[in-house]
Each structure stands twice: as C-alpha cells, then as structure tokens.
Amino acid sequence: MPNSGLVVSDTSTLLNLALIERLELLESQFSEVTVPQQVWNELTEGEEGLEALRELRDDGLLHLVEVERSDLFVELFHELDLGETAAICYAVEQKAALVLLDERDGRRVARRHDLNVTGVIGILLRGAKTGVVNLEHELEVLREAGFWISDDLYEQILSEADQ
C-alpha cells in the first residue's frame, strides 16, 4: 500500500529508477512524490528516462513545486547542488515524511535536519520485500547503469535482504 505522507525527491533517485526502468516502484510505494522545480530542471537536462518521467508527472504521481530561496536554501546551497538543496529545503519546511536522496553529502545534510531518507537501493529493498523485485538482478542492472555500489555494500545488502 502506498505511503501517504509527504515524499520529496532529489534528481538521483528518480533518474536511477528511470535508467533501470523501475519507476513503477514509486507508484506502488507512494501516493505522490513531490519534485522541486530545480530537480525537474536537472532531470530534463538529459534525455535518458525523460519520457517515462514526463508520463509520471502527467499522471499526477510526480507533483512539481516551486522552492523559494530562503535563508535555509542559501545555507544548504553552500554544501550541496541545486537539486539536493531544493529537495532538502522543501522537505524541512513542509515536514516531509521521507526524502529520496542517493548522494552521501545530501543524505548527511538531510539527517542533520532530522529528515528520514531513502534512495534507489531502499526503494529496491522495499520492492524485494513485497516480492516484485529480484534484488540481485536489479542491483546488477543499477551498477550497469553507472550507479556505484562497493562490493562490500553489495554483499551486505543481499545478505540483509535474505534475512
């Protein structure tokens, strides 16, 4: 059943799911994903996965929002890129239930602001728990798409998923 709390996404999680053609996992896990306009602009700079992302936007799963340059925005932008800054800032201001982030620095800053964080691997793990994802296969596809996962983390994820 989809989570009904506010979910805000950065670029990386959406793009990675699009690259491995698993965007449908968002629909099965969340009733809506809020995407700052800055994140959408980053997504639309490239071509890969764009058609599928536009379909999700047009279907109403991806909800675009404007994020103003507040004091928090300016503070975070000293540490992070524009999309991460907008996603975290909006999540803090709106008291989001979850933020979708993959980059280490973004996750660190989000946790510093007491936000719950997951990323593409977390979404794949949720899918594996419900039986709709072959985790090992999807992690391999993710790696082939250019997502870096250390061998130790890869083994740890698979062993924890088997428990």
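What's counted below: heavy atoms across the whole structure, side chains too, no hydrogens, waters or symmetry copies.
- The two residues C89 and F73 have their closest heavy-atom pair at SG-N, 3.7 Å.
- A side-chain donor-acceptor contact under 3.5 Å links D10 to the backbone of E84.
- If you chain together hydrophobic residues whose side chains sit under 4.5 Å apart, L25 and L101 never meet in one group.
- Closest approach of E93 and S70 over heavy atoms only: OE2-OG, 3.1 Å.
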- Message: Evaluate V35 against V65 for side chain to side chain contact (heavy atoms under 4.5 Å, CB included), listing each step before the verdict.
- Response: CA-CA 6 Å; V35 179; V65 296; over 6 Å; no
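- Judged purely by atom type and a 3.5 angstrom limit, E42 uses its side chain to pair as donor or acceptor with the backbone of G83.
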- Message: I'd like to know whether L72 forms a side chain to side chain contact (heavy atoms under 4.5 Å, CB included) with F77, so could you lay out the CA-CA distance, the side-chain angles of the two residues, the decisive distance to 0.1 Å, and finally the verdict.
- Response: CA-CA 8 Å; L72 177 61; F77 194 49; over 6 Å; no
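- With rounding to the nearest 0.5 Å, the separation of CD in E32 from CG in L56 is 12.0 Å.
- In D58, the CG atom is crowded: over 12 heavy atoms of neighbouring residues, nucleotides or ligands sit closer than 6.0 Å.
- A salt bridge links R112 to E79: at least one charged side-chain nitrogen sits closer than 4.0 Å to a carboxylate oxygen.
- The cluster map of Ile, Leu, Val, Met, Phe, Trp and Tyr, joined by side-chain heavy atoms under 4.5 Å apart, puts L124 and V99 in different clusters.
- Cluster annotation: V92 is not connected to L98 through the hydrophobic network of ILVMFWY side chains, with a link wherever side-chain heavy atoms come within less than 4.5 Å.
- In this structure, E144 CD and I20 CD1 are separated by 10.5 Å, a value rounded to the nearest 0.5 Å.
- Put simply, the side chain of T34 does not reach to within 4.5 Å of the side chain of V7, judged on heavy atoms.
- Using a 4.5 Å cut-off on side-chain heavy atoms (C-beta onward), L26 and L14 make contact.
- Around the CD atom of E48, the shell of radius 6.0 Å holds no more than 12 heavy atoms that belong to other residues, nucleotides or ligands.
- E21 CD: 12 or fewer foreign heavy atoms inside a 6.0 Å radius.
- The two residues V67 and P36 come nearest to each other via the heavy atoms CG2-CB, 3.6 Å.
- Atoms CD1 and OH, on I121 and Y154 in that order, are 11.0 Å from each other to the nearest 0.5 Å.
- Contact annotation: the side chain of I123 approaches that of L100 to within less than 4.5 Å [non-hydrogen atoms, C-beta and beyond].
- Considering all non-hydrogen atoms of both residues, V39 and S9 come closest at CG2-O, 3.7 Å.
- Look at E55 and R57 and you find no salt bridge, because none of the NZ, NE, NH1 or NH2 atoms lies under 4.0 Å from a carboxylate O.
- One finds the CD atom of E160 at 10.0 Å from the CG atom of L158 (value rounded to the nearest 0.5 Å).
- Without hydrogens or angle criteria, E138 side chain to V133 main chain gives no donor-acceptor distance under 3.5 Å.
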- Task: Test side chain to side chain contact (heavy atoms under 4.5 Å, CB included) on N41 and L82 and set out the steps.
- Result: CA-CA 10 Å; N41 293 345; L82 188 58; over 6 Å; no
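- The minimum heavy-atom distance linking D102 with G119 is given by the pair OD1-CA, 3.2 Å.
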- Go through T85 and Q38 one step at a time and tell me if the side chain to side chain donor-acceptor pair (under 3.5 Å) criterion holds. CA-CA 9 Å; T85 297; Q38 293 90 335; over 6 Å; no
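- L115 places none of its side-chain heavy atoms less than 4.5 Å from the side chain of R111.
- Summarising the geometry, atom OG belonging to S150 is positioned 8.5 Å from atom CD belonging to Q156; distances are rounded to the nearest 0.5 Å.
- Linking ILVMFWY residues whenever their side-chain heavy atoms come closer than 4.5 Å, directly or via other members, places V117 and L80 in the same cluster.
- Remark: side-chain polar atoms of R69 are not paired, donor with acceptor, to backbone N or O of V74 under 3.5 angstrom.
- In this structure, F147 and L139 have side chains that are not in contact, with every pair of non-hydrogen atoms separated by 4.5 Å or more.
- Judged as a salt bridge (Lys or Arg N to Asp or Glu O under 4.0 Å), the pairs with a partner in residues 145-157 (not counting sequence neighbours) are, in order, R143-D151.
- Hydrophobic clustering places V132 together with L17 (ILVMFWY residues linked when any side-chain heavy atoms are closer than 4.5 Å, directly or through intermediates).
- Two residues are said to be in side-chain contact when any heavy atoms from C-beta on lie closer than 4.5 Å; Q37 and Y90 fail this criterion.
- A heavy-atom distance below 4.5 Å is found between the side chains of L19 and N16.
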- Message: Using the rule given for side chain to side chain contact (heavy atoms under 4.5 Å, CB included), can you reason through L62 versus W40, listing the C-alpha separation, both sets of side-chain angles and the distance that settles it, and then say yes or no?
- Response: CA-CA 10 Å; L62 300 183; W40 187 255; 4.0 Å; yes
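- Nearest heavy atom pair, residue A52 against residue L23, reads CB-CD1, 3.6 Å.
- At least one side-chain heavy atom of L76 sits less than 4.5 Å from a side-chain heavy atom of H113.
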